[in-house]
Structures are given as structure tokens and as C-alpha cells.
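All remarks here apply to the structure that follows.
Letters A, B, ... mirror the listed sequences (proteins, then strands); counts begin at 1. In this text, all values refer to a predicted model and were calculated from it rather than measured experimentally.
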Protein chains: 2
Amino acid sequence: MARPRTFDEADVIARARKAFADTGFAGTSLDTLLEATGLARQSLYNAFGGKKELFMRAFLSDAAEAVEAVESIRHGEDSPIGRIRSQLVKVAVEQGSAQAAPSLFTKAAVELSARDAEVASTVEAAFESMSRHYAACIAEAQAAGEIEAYADADALGTFFCAVIEGMSTLGGSGVARATLLDIGFTSMAAIPITDLGREHLGTGDGDWS
Amino acid sequence: MARPRTFDEADVIARARKAFADTGFAGTSLDTLLEATGLARQSLYNAFGGKKELFMRAFLSDAAEAVEAVESIRHGEDSPIGRIRSQLVKVAVEQGSAQAAPSLFTKAAVELSARDAEVASTVEAAFESMSRHYAACIAEAQAAGEIEAYADADALGTFFCAVIEGMSTLGGSGVARATLLDIGFTSMAAIPITDLGREHLGTGDGDWS
DNA sequence: GTCATCATGGACCAGCCGGTCACGAACCCG
DNA sequence: CGGGTTCGTGACCGGCTGGTCCATGATGAC
């Protein structure tokens, strides 16, 4: 009944996400956005509503993906404690690359949380979700006898959220990958690992040049 | 020989720091800046050179202060390990207040490090300074027998940088003070503390409601 | 084939952006 | 007390901001 869109909404959001992640909300103009997404002024306007709305779509999408990335820690072939280490290594490698920038999630949290209630509540909810995923993984490791029973799984969960957020910020400022990996491995010392857990982890480091 | 200024340069920078910390570089207009600092357009221009220059002054000042705050960890009446804990508690309390925003240092690091070389190098240098201060304090604690000799002081130093940066980001997004304190205390579990060290720390938590 | 419907692209807008100019006021030194 | 130099104030600039209007084009249901 009507002319169909010539663009893929999800694709546009992905491109917008990249643009906003590069230069932040205030630092990204509509023109830049149009060039990055390839669509025309009016198309953006009646498909999304405006700059702010498109930003929120991109931001929510990024936040969901960030939580999902942590959620994957719950499944996998590795032992629970090995999956935690893998996650830390993954973040260090991603954020430690030469031209790595903080994710839109982190960038929006720092830029807008203080002034935009929706951003703030989304960020807080995402952090809580991530914490719970980490905590659940730690609890699983406890059940498997890899971590001492006296460990506080919830506290360790939020702790790893903070560590990863810190690694992301440091990495975005040019701190080397090897340093980030050190931070990740050092943070694992906060976990009271049992002998069994140490056995499951193996020697530890591979080749991460 | 000439008309003296009616404003205090340091005071202007302090106000500008607050304004930039609130809304970021791109998000703070010259008009906002003029209102915040109280000076006239031209005064700002011929005293500092422009928006970017004033921002750099504010940013460098904030970075220096941030390093200085960590540097204070080297001196104090407390035992070395106690001073580390105090620092973590201090950050948690500051960043955990209801209307806390990330410092200009953190905000600039996230917003501009990827695009501005001077910001990036300043941030990196500041992180390295902070790391060294933490590492030195840990080494001191090792010398005092509070921390096991096998601990890697350098790795722990950068680790605490990451933790504090993470706490700052989380706090700015509305995470509760108690949660931040938990993160701080949990992070200390990464330090292999000796019995003597534990003794010096005492029971641990006071009243931080 | 016709027509209602929606996407598109260009023109256009008021307002704000950071920055500049010209001029009068304030000051210290001689 | 006058001269030279700096400072503060207002008006002003071109350009860009996010947002809107409207004519045109493409589409598919009937």
C-alpha cells in the first residue's frame, strides 16, 4: 500500500551507535549522523523522531548487547571460573587494541547519567544485570567446589563490574593491552579459589601479544 | 601600567572545571561558560585564548589534582595498607553521594581520549603516576611485613587504578555508596595480606551509612 | 490502471555556535 | 595629571545546529 523503506532500521541503528560511540551525544551533529547512516534528513526524522530518540535507540541497543555479552558467561564448555577469566581476557583484548574506544554504553553513562534520568536508570539496571550474571557464575563455581564457600558471590559480582568498567576506561585512553590483561588477572586474586579451581584454570596465560 | 583584571584566574578555572565536568566539552557552550565563570566573552578570549584552551587548563588542573589526591597515599599516620583502604573508602564515599558526577578527569578521558592526543597522553601519564603511587605504597607495606613478599606491587598498583576508575563510573550512574564501599573492600582481597597486616587493619568497616 | 499511502530529497528556518571587532573605562607610571 | 596599555562591554559575524515544510517519487491494494 505504500512505498517501502530503502534502509534497514537495525543497520541504521548500528551505524548510529558507532557514530555516537566515537564522538558522544553532544559531539555528534545531525549532519554527521546522516552521513554515517546514509539516510536523508527527513527519513531519519520520521523513522526515529529526532537526534535524541535515535540516540536512545542506539544506546538501549548497546546496553542490551553489553548485558548479553556478560550473560554469555553463564553458558559455555569451560568451567565456571574459567569462563570468568575468559570474560576478563576478552575485555582486555578488545579494549586494549590501539584504536579502541569505550563502548557507547560506557560513554553515555559518563556523559549523560548525571542529567538524563532514562540513561541513568538504564545504566544502573544494566550494571545490576551484569552483577547478577557474574554472581551467578561465581555461585556456580562455588557449587562446583572451585571457589571457597565463604566467598560473597554478590560482592564479587559487582566488583567485577567495576573492574571491567575501569579496564574499559583505561583502555580507551591508550593503556596497553598487556597492562589491561594484568589488571584482569590481578582482579582474579580477589576470588578465594580452591585447589580444585586452580587445577581447572590450568597454568593461566596463553599467548596474548 | 595597565588596567588590572577583575577576576582571579584560578577561580575562573575552578568554575570552568565544574561546568565542563557537568556537561562535557562538546556539551558546554561558551555562553554557559561565561555565565558559570562570570566573565565577559572577550575577557575569556584574551585571557585564555578560547573554549578549547580554557578546557585544557581546567582539564590539566583537574588531572594534576587527581594525581595529587592519590599521591597523598604516600604519607599519613596510618599504616601503608591502612592508607590504601582509606583511599578506597574516600573514593567510594565521594562518588557514592546522590548527586555525584564523574570528575572532569574521567569525563574528559572518556569523551576525548580517542580523538585528542594531548588529552590522551595526559590521561595516560596521570594513570601511570597513580599506579606508581599505589605500587610504592604497596611496596612499603611489603617492607613493613603487612603484605606477602611475593605480591606484584606494580600489577596491584595499576589494578587499583582500574578499580577506582570503575567505582567512579558506577558512582556517577547512581550506584549506591554502600555498593561502592563493597567494591572497594572486595578489591582489597586481591592483596595477599599477612597476619600482621590484618592486625594493622583492625576489624575493618566503621560506620559509613 | 488508479489512487491512497508512505519514503524521499531539497529548500528553508529560527536560533545558537565559537570567535572577532571597535570603543570606552580603568589603571599604573612617570 | 596625562599617556600608554590593558581590560571589560556591546554589537556583530559567518557558519552550523536540530528541526520542519513541501513537492516529488515509488509502491502495492483494489
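Remark: the backbone N or O of B/Ala155 is paired with a side-chain donor or acceptor of B/Thr158 at under 3.5 angstrom. Panel note: side chain B/Thr186, backbone B/Asp182; a donor-acceptor pair is recorded below 3.5 Å. A donor-acceptor pair under 3.5 Å is absent between the side-chain atoms of A/Glu146 and the main chain of A/Ser79, judged by distance alone. At least one donor-acceptor pair under 3.5 Å links the side chain of B/Arg83 to the backbone N or O of B/Asp78. In this structure, the side chain of B/Thr106 does not engage the main chain of B/Ser103 through any donor-acceptor pair within 3.5 Å. When atom types are taken as modelled, the side chain of A/Glu111 and the backbone of B/Glu111 share no donor-acceptor pair closer than 3.5 angstrom.
Non-hydrogen atoms lying under 4.0 Å from DNA chain C are contributed by nothing in residues 47-57 of chain A.
One can place CG of A/Asn46 at 8 Å from P of C/dT8, the figure rounded to the nearest angstrom. Nucleotide D/dG19 holds its P atom 9 Å from the CG atom of A/Leu44, rounded to whole Å. The distance between atom CZ of B/Phe7 and atom P of D/dT9, rounded to the nearest whole Å, is 11 Å. Between the CG atom of A/Leu30 and the P atom of C/dC13 there is a distance of 18 Å, given to the nearest Å. Note: CG (A/Leu33) to P (D/dC16) measures 17 Å, nearest angstrom. Between the CD atom of B/Glu35 and the P atom of C/dC17 there is a distance of 11 Å, given to the nearest Å. Look at CG on B/Leu34: it is 10 Å from P on C/dC17, rounded to the nearest Å. Counting to the nearest Å, the C1' atom of D/dG19 and the CG atom of A/Asp31 are 12 Å from each other.
Across all strands shown, A/Thr32 has no heavy atoms under 4.0 Å from either base or sugar-phosphate atoms.
Shown here are the ring-ring contact (aromatic ring centres under 6.0 Å, His included) partners of A/Phe59, two or more places apart in sequence or in another chain: there are none.
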Quick test: give all pairs of protein nitrogen or oxygen and nucleotides 9-11 of chain C nitrogen or oxygen below 3.5 Å, distance rounded to 0.1 Å.
none

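Using a cutoff of 4.0 Å between basic side-chain nitrogens and carboxylate oxygens, A/Glu128 and A/Arg132 are scored as salt-bridged. Contact check on B/Glu118 versus B/Lys52 returns no salt bridge, with no Lys/Arg side-chain nitrogen under 4.0 Å from an Asp/Glu carboxylate oxygen.
One finds a side-chain N or O of B/Thr6 lying less than 4.0 angstrom from the OP1 or OP2 phosphate oxygen of D/dG8.
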